[in-house]
Number of protein chains: 2
Amino acid sequence: MKTTRNTTAKTAVLEVFEKSKTALSHTEIQKQLNGICDRVTIYRILDRLMNDDIIHKISNLDGTVKYAKCNHSHQRVHIHNHAHFSCENCHEITCLENVKPSYIMPHNYKVKEINFTLSGLCPNCLNSNI
Amino acid sequence: MKTTRNTTAKTAVLEVFEKSKTALSHTEIQKQLNGICDRVTIYRILDRLMNDDIIHKISNLDGTVKYAKCNHSHQRVHIHNHAHFSCENCHEITCLENVKPSYIMPHNYKVKEINFTLSGLCPNCLNSNI
DNA sequence: AAAATATCGCAACAATGTTGCGATTAAATA
DNA sequence: TATTTAATCGCAACATTGTTGCGATATTTT
């Protein structure tokens, strides 16, 4: 089986995620890495981190894709079915770990995963009187 | 003010939407149009149809973008805050007009729009014993 | 029929993501 | 510690998706 290695680039990417409270796009990560590694390498690191369940992918309403660290906190099995909030002003995406929607489905559908994204103004931008 | 015109290409695109029960990507529309018009024209038609509130945009979990006809049925004001279902087998996206999630938000967030996408198996694929 | 302008086609570009391959380097083994 | 193995990297090249400018065309109004 493939074992995953700890490389300079991977460590650097993880540090970027540690420092950030919000989800990050590939481009944002690349900027913060400051040329430490190639663009392609970042894509491959993100793939590995997703396989290892260390980060997860979020695709926004407008089609942009971001990544965020998983919060494994207390659960034994990690589930990505939490909500995300996308601020229309600062464009930051945050995970709302505790927001879980309830809903009623029509019959004959088998639901395996849900994606729930809310958008509007985040607390920061709301306080800035916009 | 800009008035929107009825052109051959626009009519053709609308027909494609009429024929389809599921949401369509730009590429899927292009294939069905069979070279009737340019790739760019389709993008511009989609933009216009979205402005006119005739179709709406859906971005899927995997980052793919699709478009679907709006269902104006009975409401006076059209709202896009309904759910979408994405089949992991046939990759079709359908609008679940009647599924609306309920949820509890943390304070200090102002929610203006929600996007709720479920994925799994659609009735068709579920019946095919997969 | 003529005028006004929305739309089109083409070319060119930008952003984002993928793949192949030889070179490098982390980790296991001797 | 030195050697070996294979995971990872950098580079180049390519694919897909979406955007923009501009002269030509077609729809709608006058």
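In what follows, chains carry the letters A, B, and so on, assigned in the order in which the sequence lines appear, proteins first and then strands, with residues in each chain numbered from 1.
- Position along DNA chain D of the nearest nucleotide to Arg39(A) versus Lys10(A) favours Lys10(A) as the more 5'-ward residue.
- One can place CG of Asp52(B) at 13 Å from P of dA6(C), the figure rounded to the nearest angstrom.
- Contact annotation for Val65(B): backbone-only contact, meaning every heavy-atom pair under 4.0 Å involves sugar-phosphate atoms and none involves a base.
- Arg48(A) comes within contact range of the sugar-phosphate backbone alone, with a heavy-atom separation under 4.0 Å but no base atom that close.
- Regarding contacts with the backbone of dT7(C), every side-chain N or O of Thr8(B) stays at 4.0 angstrom or more from both OP1 and OP2.
- Here the P atom of nucleotide dG9(C) and the OH atom of Tyr43(B) are 15 Å apart, to the nearest Å.
- Here Thr7(A) does not reach the OP1 or OP2 of dA27(C): none of its side-chain N or O atoms lies under 4.0 Å away.
- Of the candidates dT18(C), dT20(D), dC9(D), the closest approach to any side-chain atom of Ala9(A) belongs to dC9(D).
- Electrostatic pairing of Glu18(A) and Lys69(A) counts as a salt bridge here, judged by a charged N lying under 4.0 Å from a carboxylate O.
- OP1 or OP2 of dG9(C) has at least one side-chain nitrogen or oxygen of Thr41(B) nearer than 4.0 Å.
- The base of dG10(D) is paired with the side chain of Arg44(A) by a donor and an acceptor separated by under 3.5 Å.
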Fill in: Step-by-step side-chain contact (heavy atoms from CB on, under 4.5 Å) determination, Phe85(B) to Val99(B)
CA-CA 10 Å; Phe85(B) 189 87; Val99(B) 177; over 6 Å; no

Worksheet item: What's the verdict on side-chain contact (heavy atoms from CB on, under 4.5 Å) for His84(A) and His56(A), showing C-alpha distance, side-chain angles and the deciding distance?
Response: CA-CA 12 Å; His84(A) 296 110; His56(A) 59 277; 3.3 Å; yes

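- Atoms CG (Leu46(B)) and P (dG18(D)) sit 9 Å apart, rounded to a whole Å.
- Between Met50(A) atom CE and dG17(C) atom C1' there is a gap of 13 Å when expressed in whole angstrom units.
- dT18(C) atom P lies 13 Å from atom CD1 of Ile42(A), rounded to whole Å.
- Using a 4.0 Å cut-off between charged nitrogen and carboxylate oxygen, Glu92(A) and Lys21(A) do not count as a salt-bridge pair.
- Taking atom CD1 on Ile45(B) and atom P on dG18(D), their separation rounds to 15 Å, with Å as the unit.
- Straight-line distance from the NZ atom of Lys66(B) to the C1' atom of dG18(D): 17 Å, rounded to whole Å.
- Residue order along DNA chain D, read from the 5' end via each residue's closest nucleotide, puts Asp47(B) first among Asp47(B) and Arg5(B).
- Checking dC9(D), dT19(C), dA7(D) against every side-chain atom of Thr3(A), the shortest atom distance belongs to dA7(D).
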Discussion item. Go through it in stages, so that I can follow the logic: the residues are Lys10(B) and Leu49(B), the test is side-chain contact (heavy atoms from CB on, under 4.5 Å), and I'd like the CA-CA distance, side-chain angles, deciding distance and then a yes or no.
Written reply: CA-CA 9 Å; Lys10(B) 184 182 165 189; Leu49(B) 292 178; 4.0 Å; yes

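- The interatomic distance linking Asp38(B) (CG) with dA24(D) (P) rounds to 17 Å, in whole Å.
- Looking at heavy-atom distances under 4.0 Å, Ile36(A) makes contact with sugar-phosphate atoms alone, never a base.
- Under 4.0 angstrom from either OP1 or OP2 of dT16(C) there lies at least one side-chain N or O belonging to Thr27(A).
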